Amino acid sequence: MKTFISTLAGLACTAAFTSVALADAPGTDVRVKFDEAKMTVAEIQPPLFSGAKGMAKVPTWYYIDVPMNVQALSKSGEKPRSGTLDNLTVTFYLLVKNPNPGAGKNSYLKITKPIHYVNVPVPGAEGSSSVTTHAACFLPPSTVRKLTGRENTRAGDLSAYLTLISVDASYNDKPCKETKDKFAYATKMFGNDNDLRKGLKDLPRWWTIDAKRFPETTDYPVRTIAETPFAAQASGYFPETNPMYGAAPAESATDPAATDTEN
């Protein structure tokens, strides 16, 4: 299976493409289908630069990767439009166990991270009816350390702390749909809380309605690809983010940790 890590090795051969942007095209109906079965949590090491020998061990980052199929349909004829979408926001909702001292066994916190993509490729009228691309958010070493209390955590062990991952999408600030009658979203449970699993059966979009049970927190930063050491290597796997490189001004300009390779 193609992954972000395997893609890094072949980026030098990635070809650029040109297309016509669907900037606020009238009547555009954007459909997004997330592949929750292939949603993964993985580890990734920041690149080492020349002269880096003898440095302390490079801290491990972690990322959540979800494949998605994107279509841009004409409401009149339901035919795919060619080109690219000028905007698509994919928002990650992470449910983590509350690591604060005194928190109850079943105490959880919600982390929300919107990813603003631009120039998202969509199929034309000929050929494939959808385009598979990927959305991802990144957990810096400092965030995982604060959640787990450990210096070294394998991605497979994060399920003890990262219980639930959900994702949805919007175009022009309006929720996208997967089909005419179903909103575009996906949820995957990584933890083993059976009571939580049962309770969420009647709350498929839990992040929209259960704020009291799952309070929002900003104490555990989550990054876009543009806010990581991997930004320049992401071409060809993820759509472009806004901005493509560097910290997003609305979220990270005042956060000194946003430009730190360990944060």
Side-chain angles (χ1 to χ4, degrees), residues 34 36-37 39-44 59-66 89-115 135-170 183 185-225 227-228 247-248 250-263:
F34 295 105
E36 62 186 50
M39 187 187 298
T40 57
V41 179
E43 305 170 25
I44 185 171
T60 301
W61 284 65
Y62 309 80
Y63 72 99
I64 300 164
D65 183 349
V66 55
T89 297
V90 176
T91 303
F92 284 82
Y93 307 93
L94 313 183
L95 190 66
V96 299
K97 287 193 173 181
N98 190 341
N100 297 320
K105 179 182 178 182
N106 296 319
S107 177
Y108 296 93
L109 298 172
K110 181 180 70 172
I111 302 172
T112 301
K113 183 64 177 181
I115 316 289
C137 66
F138 290 74
L139 281 65
S142 59
T143 291
V144 174
R145 191 161 54 241
K146 288 169 68 177
L147 286 172
T148 65
R150 298 163 56 184
E151 286 294 329
N152 299 302
T153 302
R154 303 293 297 179
D157 297 331
L158 277 179
S159 61
Y161 312 92
L162 180 58
T163 302
L164 191 71
I165 301 172
S166 295
V167 62
D168 66 9
S170 61
F183 283 108
Y185 67 88
T187 293
K188 189 168 184 177
M189 180 167 280
F190 287 86
N192 298 313
D193 189 329
N194 290 327
D195 290 337
L196 179 65
R197 189 187 303 271
K198 293 177 182 177
L200 291 176
K201 283 187 176 181
D202 296 325
L203 300 173
R205 301 178 72 224
W206 60 270
W207 59 94
T208 66
I209 56 179
D210 212 358
K212 290 184 178 180
R213 184 179 178 187
F214 307 130
E216 185 88 25
T217 180
T218 58
D219 293 338
Y220 307 94
V222 176
R223 305 297 185 198
T224 70
I225 183 67
E227 301 168 303
T228 74
E251 297 178 353
S252 305
T254 59
D255 181 1
T259 55
D260 189 319
T261 58
E262 189 179 339
N263 290 282

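Just so it is clear, the structure is predicted and the values come from calculations on it, not from any experiment.
- Considering V167, T91, T224 in turn, T224 is the only one that fulfils the side chain to side chain contact (heavy atoms under 4.5 Å, CB included) rule with K113.
- Residues T112 and W207 form no side-chain contact, since every pair of their non-hydrogen atoms from C-beta on lies 4.5 Å or further apart.
- By the side-chain hydrogen bond (donor to acceptor under 3.5 Å, both in side chains) test, K110 is found to be paired with E216, residues two or more places apart in sequence or in another chain being considered.
- Applying the side-chain contact (heavy atoms from CB on, under 4.5 Å) criterion to S159, with sequence neighbours excluded, gives F190.
- In terms of heavy-atom proximity, A155 sits nearest to E43 at N-OE2, 2.8 Å.
- Qualifying side-chain hydrogen bond (donor to acceptor under 3.5 Å, both in side chains) partners for T218, counting only residues two or more places apart in sequence or in other chains: none.
- When side chains are defined from C-beta on, F34 does not count as touching T187, because their heavy atoms never get closer than 4.5 Å.
- Side chains of D168 and V90 form no contact here, defined as non-hydrogen atoms less than 4.5 Å apart.
- For F214 and W206, the gap between ring centers is short of 6.0 Å.
- A side chain to side chain contact (heavy atoms under 4.5 Å, CB included) with L94 holds for exactly one of T217, L164, I64; it is I64.
- Although no hydrogens or angles enter the test, the distance criterion places a donor-acceptor pair under 3.5 Å between the side chain of T143 and the main chain of P221.
- Judged purely by atom type and a 3.5 angstrom limit, K188 has no side-chain atom pairing as donor or acceptor with the backbone of T40.
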**Q.** Pair W61-V144, side chain to side chain contact (heavy atoms under 4.5 Å, CB included): steps then yes or no
**A.** CA-CA 9 Å; W61 284 65; V144 174; over 6 Å; no

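- Distance check, rounded to the nearest 0.5 Å: NZ of K146 to CG of L139 gives 11.5 Å.
- Taking the side-chain hydrogen bond (donor to acceptor under 3.5 Å, both in side chains) definition, one finds that T163 meets it with nothing, sequence neighbours left out.
- Without hydrogens or angle criteria, T148 side chain to R150 main chain gives a donor-acceptor distance under 3.5 Å.
- Legend: residues meeting side-chain contact (heavy atoms from CB on, under 4.5 Å) with A103, ordered by chain and number and at least two apart, are N98, S107.
- E36 places no side-chain N or O within 3.5 Å of a backbone atom of A186 that could act as its donor or acceptor partner.
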**Q.** Stepwise side chain to side chain contact (heavy atoms under 4.5 Å, CB included) test for L162 and Y62
**A.** CA-CA 12 Å; L162 180 58; Y62 309 80; over 6 Å; no

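- With a 4.5 Å cut-off on side-chain heavy atoms, M189 and I165 do not count as touching.
- With Y108 as the aromatic partner, R213 does not meet the cation-pi criteria of under 6.0 angstrom to the ring centre and within 45 degrees of the ring axis.
- Atom CD1 of I111 sits about 13.5 Å away from atom OH of Y93, to the nearest 0.5 Å.
- For Y161, there are no ring pair (Phe, Tyr, Trp, His ring centres under 6.0 Å) partners, not counting sequence neighbours.
- Checked against side-chain hydrogen bond (donor to acceptor under 3.5 Å, both in side chains), Y185 has no partners two or more places apart in sequence or in another chain.
- Contacts of P99 classified as side-chain contact (heavy atoms from CB on, under 4.5 Å), with partners at least two apart in sequence or in another chain: L109, L147, Y220.
- Shown are V222, V41, I44, T228; of these, the side chain to side chain contact (heavy atoms under 4.5 Å, CB included) with Y63 is made only by I44.
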